[in-house]
Structures are given as C-alpha cells and as structure tokens.
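Structure record follows, encoded as structure tokens.
Heavy atoms only: backbone and side chains are in, while hydrogens, waters and symmetry mates are out. Since the model is a prediction, treat every value here as computed from it, not as a measurement.
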Amino acid sequence: MEMSQTDGRMEGWLYTIRHYRFGLQFSRKRYFLLLDNNLKSFRSVPSDQNEEPDRRASLDCCIRVTDNGRESFHRKILFIFTLYNTSNHLDQLKLGASSPEEAAKWIRSLQNASQKGFPFPDCDFVSHAEKGLVKLDLSKRTRRKVSVDWTNYSSLNVETIAPDVIAPSPWKIFGCQNGLRLFKEAKDWDSRGRHWDDHPAIMAVGVIDGTSEEIFNTLMSLDPLRSEWDFCFYKGRVVEHLDGHTDIINVQLYSDWLPWGMHRRDLLLRRYWRREEDGTYVILCHSVYHKKCPPRRGYVRACVKSGGYVVTPVSKGKQSLVKHMVAIDWRSWNLYMRPSSSRSITIRVVETLAALREMFKAKQGHGFAEFVSGEFLETKSCLSKINSRPLITEAKRVDLALVKADEMEKPSSAGNSLMDLNDVSDEFFDVPEPSEFDSLIDNSPFSQGHSQLKMPSPAGIVKKLQDLANNKKGYMDLQEVGMDDKTTFFYGATLQKDPNLTMPCSWSTADPSTFLIRGENYLKNRQKVKANDTLMQMIGADWISSDKREDDLGARLGGLVHEYAAKGGPEFFFIVNMQVPGSAMYSLALYYLLKTPLEEHPLLESFVNGDDAYRNSRFKLIPHISKGSWIVKQSVGKKACLVGQALEIRYTRGKNYLELDVDVGSSTVARGVTNLVLGYLTNLVIEMAFLIQANTENELPELLLGTCRLNYLDVSKSVQER
C-alpha cells in the first residue's frame with residue numbers, strides 16, 4: 001500500500017474499522033492525509049491540494065493514539081490503531097494499516113500532530129454532516145492555552161536505543177554451529193556458564209538478509225509454507241485470539257528429527273508480540289493450559305518454560321539481527337533420554353534460525369511474498385464470517401433512519417471530531433457497545449481456567465473501569481469470602497520493607513547507580529551517565545486488591561500522607577499508584593517523601609503545579625527486572641519510557657502531595673506485558689526508577705525522583721480493600 005511521509009505531512013491508504021449493531025466488524029478503504037494537526041480522508045487519491053475532503057478533523061493534545069495490534073478481516077491481516085479523545089472516550093476512530101511498519105509510522109505521526117496541535121482542548125466540536133466537515137466552535141468557551149512543553153520536543157522521541165540500565169548479560173557463549181552463535185543462560189552464581197540445568201535456556205543468534213518486518217511476518221505465520229524453513233513444524237493453528245498482541249496457539253511437531261523411539265510432541269503456547277521504536281520486533285511465548293485444546297492422542301505435550309524471537313534491524317534496515325531463545329521440558333521419562341540428549345534436541349530447535357536465513361537468501365531478488373494465512377479464521381467468531389455485501393446494503397437502509405432520529409435529538413455540541421471521520425453511509429451513529437468478541441474473551445474457558453490474571457479487552461476497558469464497582473465479574477477470590485466490610489488498614493504500609501532483600505513480598509530501594517540518566521552535556525553529546533542519588537526518599541508502599549479502581553490513596557484517612565498532613569509539617573509526598581486490572585483491580589502504590597521545600601526544585605515544582613498535558617510529556621519510568629526469567633526481562637526491557645505518552649494517568653494534587661494513578665490497562669501492549677509478568681511474579685525482583693525528563697540546558701542534569709525494588713510479589717498476599 002503506497003504511503004509517503006515528509007516533515008509535517010503523512011498520507012496513504014488506510015482502513016476505517018467499524019462495528020455493525022450486531023457486534024461484527026467491517027472495514028472501508030480510505031485515503032488519509034495528515035498535514036500539521038489536520039487529518040483528512042478521501043475516497044480516492046486527491047488530484048490537487050485544494051480538493052475538498054470527505055471528512056476532516058483537527059487534532060489537539062486531548063487526542064491519544066493506541067496500538068491495538070494485528071487483526072484479520074476477510075483473510076487479510078491488518079495492523080490496527082485507535083485515535084480517541086481523553087475527554088470523551090466514545091469519540092474515537094479505529095484505523096488499520098496493511099503492515100506493522102505503516103501502522104508504526106502513522107501512530108508516531110499522529111502522536112506528534114496531536115501533541116503539537118490545536119491548543120484549545122475545551123472547545124466544542126460542531127459537525128457539518130452535509131459536507132463532512134468538522135470545525136471548532138470557540139465562541140462558547142474561553143480559550144485556554146495548554147502549557148505543553150515543546151522545548152526540544154524532537155528529543156522526546158529520538159532517544160538512543162541503548163538500554164538505560166547497567167546490568168550484566170546472563171548469556172554465555174558455548175559454541176558456533178551452522179553460522180549461528182549459541183548461548184546458554186547462566187545462573188547468577190555460575191559466572192563462567194559451566195553448569196547446565198536439566199532444561200536450560202539456549203539462544204541462537206544470526207544475521208538474516210531481510211527486513212525486520214518481513215522476518216516478523218514469517219515468524220508469526222502458521223501457514224503450511226512455514227515448513228519451507230521450520231523443519232520441526234508439522235502444522236499449527238490459533239486456538240484463541242485474545243487481543244491484537246496476544247493469542248493462544250497450538251503447534252504440532254514432526255517426529256522425523258526427534259531421537260528414535262521418541263513420541264511426537266506438540267505445544268500449546270501463549271504468544272505475545274510488540275514492535276519497538278527502533279523497528280525491533282519481539283515475539284514471546286510460554287506454555288499454558290486451555291480447555292479448548294486438551295492434550296492430543298498420540299502426542300506428548302512438551303512444556304515451553306520461555307521462548308521467542310527478537311528481530312532487530314541492522315545495516316540501515318536491509319538486514320536483521322535475529323535471536324531465537326528456547327527453554328523447554330520435553331517431558332520424556334525414558335531412561336535413554338539423558339539431560340544431554342534433551343539439550344541436543346533444544347539446540348536443534350534453535351538451529352531452525354539457520355534454515356530461515358538460507359530461505360531468505362534463496363528468495364532474494366525474486367520478491368518475497370508475505371506469509372498471510374487464514375490462521376485467525378477458527379477463532380474470530382466476532383468478525384464477519386458471512387458474505388458482507390447483503391449485510392452492508394441492509395445496514396445502509398437501517399443506518400439512514402437511525403441517523404435521522406439521532407440528529408433530531410442530538411444537540412450540535414454533541415458532535416465530535418473523530419467519529420465524523422467515518423463514512424455516514426457505512427456505519428451506525430449510535431454509541432457502539434463492547435463487541436461480542438469482548439464477551440467471548442471474558443467468558444472463554446481460557447479466561448476462567450488460566451492461572452494468570454485476565455485483562456479486559458480494549459473495546460470495553462473504559463466502560464468496565466467505570467462500572468467495575470457495580471458490575472462485578474462472575475467469580476470471586478477465596479480471600480474475599482467472609483471479609484468484613486469495615487476492614488481498614490494503614491495506607492502506605494501494607495507492603496513490608498526489607499532492606500536485607502531476603503523477605504518475599506516486600507520492598508526496598510534500588511541502587512541509583514544502576515540507572516542511566518541525561519547528563520549535563522546531554523544536548524551536545526547525547527550521552528547518559530550513572531545516577532548518583534535520588535531527590536526523594538521512599539518511605540512506604542501499598543499492595544492492594546479491590547473490586548474497583550482505588551484512586552487518590554493520598555487522601556485516605558489514617559494513611560501515611562494524611563498523618564503527616566495532620567502535623568502541619570513541610571513534607572511533600574509524591575505517590576505513584578500503578579493500577580493493574582484483572583480478576584481484581586491490583587494497586588501497587590509507592591510513596592516518596594521530599595523533605596526540602598518544593599520551591600527549591602524548579603523542575604519538580606513545574607511538574608507538580610503544571611497541567612496534565614505538561615506532566616504527560618515529562619514523567620518518565622525506567623524499568624529493570626534484576627532477577628527473573630529471560631522471557632520477562634525481554635518483555636519489560638530496560639529502556640526509559642514517557643509513561644503519560646503510553647498510558648493514561650489520573651493526577652491528583654493534594655495539599656501536601658501529588659498522586660499519579662497510572663492505568664496499566666489503558667494500553668493493549670502494556671496489558672500483554674503485565675499479564676506475562678503476573679504469571680512469573682513470585683519469581684521476580686523488579687526495580688524501577690522515576691524521574692522528570694529534562695529538555696533544556698537549565699534543567700540538566702536529570703535527577704532521579706526515587707527508586708524502588710520489589711521482591712517476589714504475590715497477588716495472593718495483596719491486602720483486600722472494599
């Protein structure tokens with residue numbers, strides 16, 4: 001699909017994704033033009049720059065863009081992203097691109113346009129349906145300037161790709177075979193990598209002559225053509241499609257390459273993927289149980305403890321550095337199956353990377369066909385499985401009547417920008433309910449039987465978060481039964497402190513020198529330096545579960561912050577409340593204390609007293625999994641993230657505190673990572689650092705607000721709140 005991008009301009013073909021009233025989705029191909037902060041749509045390529053668009057919308061700092069991953073529409077795989085208005089979540093536009101690279105470019109361009117866009121987010125949208133125009137009516141409200149900081153804005157998204165955490169690599173090389181370097185994951189105490197586990201994690205690394213996008217599409221495919229390079233693969237299918245970044249797949253393996261007498265094996269995997277800013281693709285998987293796919297007769301189900309691929313573009317994108325890692329228990333009880341034999345089989349699996357390299361080399365110059373299959377067809381019951389043309393015709397007839405009725409009752413100010421970019425004749429204008437697909441996920445056997453926490457779907461997340469208190473899910477944790485409704489506790493002290501790092505489900509502070517931050521000369525040399533200290537002291541933490549969102553913990557009576565406020569002291573608190581929706585709403589709240597006056601720290605004072613747009617452009621988190629499985633370390637990463645650009649944050653400014661309630665469930669990508677982390681939580685040591693990004697020479701060098709170290713958290717030990 002043709003697409004062009006220049007400074008301040010982006011254009012190309014996209015698909016608008018809409019819902020029928022019956023919950024099914026349909027798509028329409030439209031030509032979109034993004035110029036500065038104006039988004040226009042056409043039915044065909046505009047002949048000149050003065051051609052009138054069918055639809056138009058102005059983007060401002062209230063508009064957010066989320067990556068919804070890959071979906072299948074009539075056997076065509078699209079990469080979906082959604083624009084929505086933070087002040088009105090019903091005002092949204094769902095678009096699809098034909099490739100992940102196109103989707104990534106559109107997402108970045110739309111994010112930049114909205115953040116540099118029209119500075120009047122409180123104005124009313126007025127829709128002019130007869131021409132498809134959307135204009136802004138500023139007459140009813142006072143213009144309010146948004147204090148988004150655009151100083152050196154380009155640096156916000158052009159960070160170096162190097163990690164922001166100093167940590168030794170656990171991988172030790174043990175050989176080279178078929179042009180691949182082979183590594184094993186060594187334990188902390190095995191510095192030389194001489195010890196071999198019964199089921200070791202083994203990684204193969206090689207360079208392939210292909211773009212990261214082509215290799216990603218090939219690795220994700222379960223098409224029979226996969227057997228051209230994957231000599232272990234017999235056939236595979238998608239058991240359940242959870243969201244655009246996560247699915248459950250079943251893979252049957254050939255037995256020819258296995259040792260003589262060994263029964264055939266199959267795998268049932270939870271597969272997750274994401275794309276990094278630099279074009280790197282990460283695919284992670286591990287074994288799960290699913291009621292729809294019990295063990296198959298004639299097969300022994302092997303257990304993948306962790307596995308996946310990392311595909312990083314090199315040589316200006318012409319080649320890719322590919323890493324393939326697997327740690328697998330082959331579930332063999334035969335006496336001849338020694339650990340060395342099991343290890344040899346695992347090495348054969350990662351050597352499929354050499355076959356993939358040779359296939360790409362052989363196909364060079366002959367046009368590499370994208371591997372697109374019907375792998376979604378068995379699971380996408382919510383998508384259209386019938387001939388769409390009669391349904392579309394009927395939908396048009398019903399739609400026109402509905403639009404007329406809605407227009408009679410709807411005031412002009414109720415119109416919105418993003419919804420009007422959809423074609424009137426192709427959609428319903430009433431508010432879409434969560435799709436049937438959402439309910440399928442909520443009620444699926446996997447959701448009920450899986451040991452990990454279930455995350456809500458993107459289409460229904462806003463409604464579910466708002467109504468969670470009144471709409472409880474259809475089951476209850478055992479800890480909730482018989483709980484006294486009047487149970488109270490001391491906020492800020494529900495998670496124990498353990499400076500000795502020996503107690504499970506506890507917290508301590510992390511070493512600041514582990515994290516890299518912008519130094520005094522960062523604007524000149526783009527070099528980061530070790531942090532020396534923190535501005536604040538961590539004094540407490542909460543680990544709470546509830547049946548609803550627990551916001552504004554700093555204002556709770558009897559809590560840590562309230563106790564200090566009652567004394568009238570000068571102390572100021574900074575609270576980060578990470579909210580993870582699942583079978584319960586889990587809140588991990590971290591409390592930091594500033595003993596010196598806030599006025600002595602200009603950057604922090606600007607953040608505390610600034611508006612949400614400014615805060616979203618500055619608040620930064622650096623994550624680090626210091627102990628845990630490779631698959632979790634790879635999913636979390638070690639790169640700083642502007643949290644407000646990826647997740648929704650609700651800011652509460654109290655008398656002596658600022659609280660950040662971070663909605664982890666507001667992003668499909670973040671939900672996938674969190675869901676994976678929760679499954680390994682009791683075996684993890686998680687370290688984090690928080691800071692406010694410095695963009696000018698006067699603000700440099702950066703200074704960490706605080707750090708934390710979370711030791712082997714356990715969801716069953718979270719304190720129940722009502």
Side-chain angles (χ1 to χ4, degrees), residues 159 162-170 187-189 492-519 528-543 560 573-578 580 586-595 601 604 619-630 632-643 647 660 662 664 670 673-674 677-678 680-694 701-714 717:
E159 293 272 19
D164 292 318
V165 175
I166 300 175
S169 172
K187 302 297 182 181
D188 294 337
W189 48 266
T494 62
L495 193 63
Q496 302 178 72
K497 180 179 181 180
D498 179 26
N500 297 323
L501 312 179
T502 58
M503 185 185 303
C505 208
S506 63
W507 70 269
S508 61
T509 57
D511 182 4
S513 63
T514 303
F515 304 95
L516 297 176
I517 58 177
R518 296 180 174 186
K528 294 189 176 184
V529 298
K530 288 184 180 181
N532 296 322
D533 202 355
T534 61
L535 185 62
M536 298 181 177
Q537 175 187 356
M538 186 175 178
I539 60 169
D542 281 327
W543 182 225
L560 188 65
F573 291 87
F574 191 90
I575 307 169
V576 181
N577 181 12
M578 311 291 289
V580 183
Y586 293 91
S587 292
L588 174 65
L590 311 173
Y591 295 77
Y592 295 92
L593 173 65
L594 178 67
K595 292 185 176 181
H601 310 281
L604 178 60
F619 180 60
K620 194 155 62 174
L621 160 68
I622 307 176
H624 174 42
I625 306 296
S626 56
K627 290 186 179 180
S629 170
W630 172 88
V632 181
K633 291 181 179 180
Q634 188 64 56
S635 67
V636 174
K638 296 182 287 187
K639 193 76 184 74
C641 170
L642 285 168
V643 182
L647 303 173
L660 289 70
V662 183
V664 179
V673 173
T674 305
V677 170
L678 286 173
Y680 293 84
L681 197 57
T682 55
N683 298 315
L684 301 180
V685 174
I686 304 170
E687 298 183 11
M688 292 184 285
F690 304 99
L691 66 154
I692 302 190
Q693 182 167 272
E702 288 179 335
L703 185 62
L704 294 181
L705 297 179
T707 65
C708 74
R709 176 186 169 106
L710 305 169
N711 306 308
Y712 311 110
L713 293 180
D714 189 339
K717 295 182 179 180

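- D164 contributes a side-chain N or O that, together with a main-chain N or O of A640, makes up a donor-acceptor pair within less than 3.5 Å.
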Margin query: side chain to side chain donor-acceptor pair (under 3.5 Å), that's the test. Do S506 and N711 meet it? Break it down for me.
Written below: CA-CA 5 Å; S506 63; N711 306 308; 3.2 Å; yes
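- Between P701 and G519, the closest heavy-atom pair is CB-C, 3.8 Å.
- Screening L684, V685, L588 for a side chain to side chain contact (heavy atoms under 4.5 Å, CB included) involving L710 leaves a single residue, L588.
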Margin query: Between S508 and L501, does the side-chain contact (heavy atoms from CB on, under 4.5 Å) criterion hold? Intermediate values first, please.
Written below: CA-CA 7 Å; S508 61; L501 312 179; 3.0 Å; yes
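- Closest approach of V632 to S635, counting heavy atoms only: O-OG, 2.8 Å.
- D542 contributes atom CG, which lies 4.0 Å from atom OH of Y591 (distance to the nearest 0.5 angstrom).
- Inter-residue side-chain proximity for M688 and L590 is flagged as met; some heavy-atom pair is nearer than 4.5 Å.
- Using a 4.5 Å cut-off on side-chain heavy atoms (C-beta onward), I517 and K528 make no contact.
- Side-chain atoms of L516 and V529, non-hydrogen and from C-beta on, never get closer than 4.5 Å to each other.
- With hydrogens and angles disregarded, a donor-acceptor distance shorter than 3.5 Å links the side chain of E702 to the backbone of A694.
- Inter-residue side-chain proximity for L495 and L713 is flagged as met; some heavy-atom pair is nearer than 4.5 Å.
- Atom CZ of residue F515 and atom NZ of residue K638 lie 11.5 Å apart, to the nearest 0.5 angstrom.
- In this structure, A670 and L647 approach most closely via the heavy-atom pair CB-CD2, 3.6 Å.
- A heavy-atom distance below 4.5 Å is found between the side chains of W507 and M538.
- You'll find the side chain of L678 reaches within 4.5 Å of the side chain of L681, heavy atoms only.
- Rounding to the nearest 0.5 Å gives a distance of 11.0 Å between OG1 of T494 and CG of L560.
- L703 pairs by the side chain to side chain contact (heavy atoms under 4.5 Å, CB included) definition with L535, not counting sequence neighbours.
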Notebook entry, point to check: Where do T682 and Y712 land on the side-chain contact (heavy atoms from CB on, under 4.5 Å) test, with the steps shown first?
Noted result: CA-CA 4 Å; T682 55; Y712 311 110; 5.5 Å; no
Next item on the list: Applying side-chain contact (heavy atoms from CB on, under 4.5 Å), run through L604 and L594 and close with a yes or a no.
Entry: CA-CA 11 Å; L604 178 60; L594 178 67; 3.8 Å; yes
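- Note that CD of Q693 is 7.5 Å distant from CG of L691, once rounded to the nearest 0.5 Å.
- Of the inter-residue distances, the one linking K717 atom NZ with C505 atom SG reads 6.0 Å to the nearest 0.5 angstrom.
- Legend: residues meeting ring pair (Phe, Tyr, Trp, His ring centres under 6.0 Å) with F574, ordered by chain and number and at least two apart, are absent.
- Although no hydrogens or angles enter the test, the distance criterion places a donor-acceptor pair under 3.5 Å between the side chain of Y592 and the main chain of T707.
- Nearest approach of I166 to S513, heavy atoms of both residues: CD1-O, 3.9 Å.
- Inter-residue side-chain proximity for M536 and H601 is flagged as unmet; no heavy-atom pair is nearer than 4.5 Å.
- Taking each heavy atom of K633 and G628 in turn, the nearest pair found is CE-O, 3.3 Å.
- Within a 6.0 Å sphere centred on CG of D714, heavy atoms belonging to other residues, nucleotides or ligands number more than 12.
- With values rounded to the nearest 0.5 angstrom, H624 atom NE2 is found 15.0 Å from K639 atom NZ.
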Next item on the list: Output, in order, the C-alpha distance, side-chain angles, deciding distance and verdict of side-chain contact (heavy atoms from CB on, under 4.5 Å) for I625 and I686.
Entry: CA-CA 5 Å; I625 306 296; I686 304 170; 3.8 Å; yes
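- When every heavy atom of C708 is checked against every heavy atom of A510, the shortest pair comes out as O-CB, 3.5 Å.
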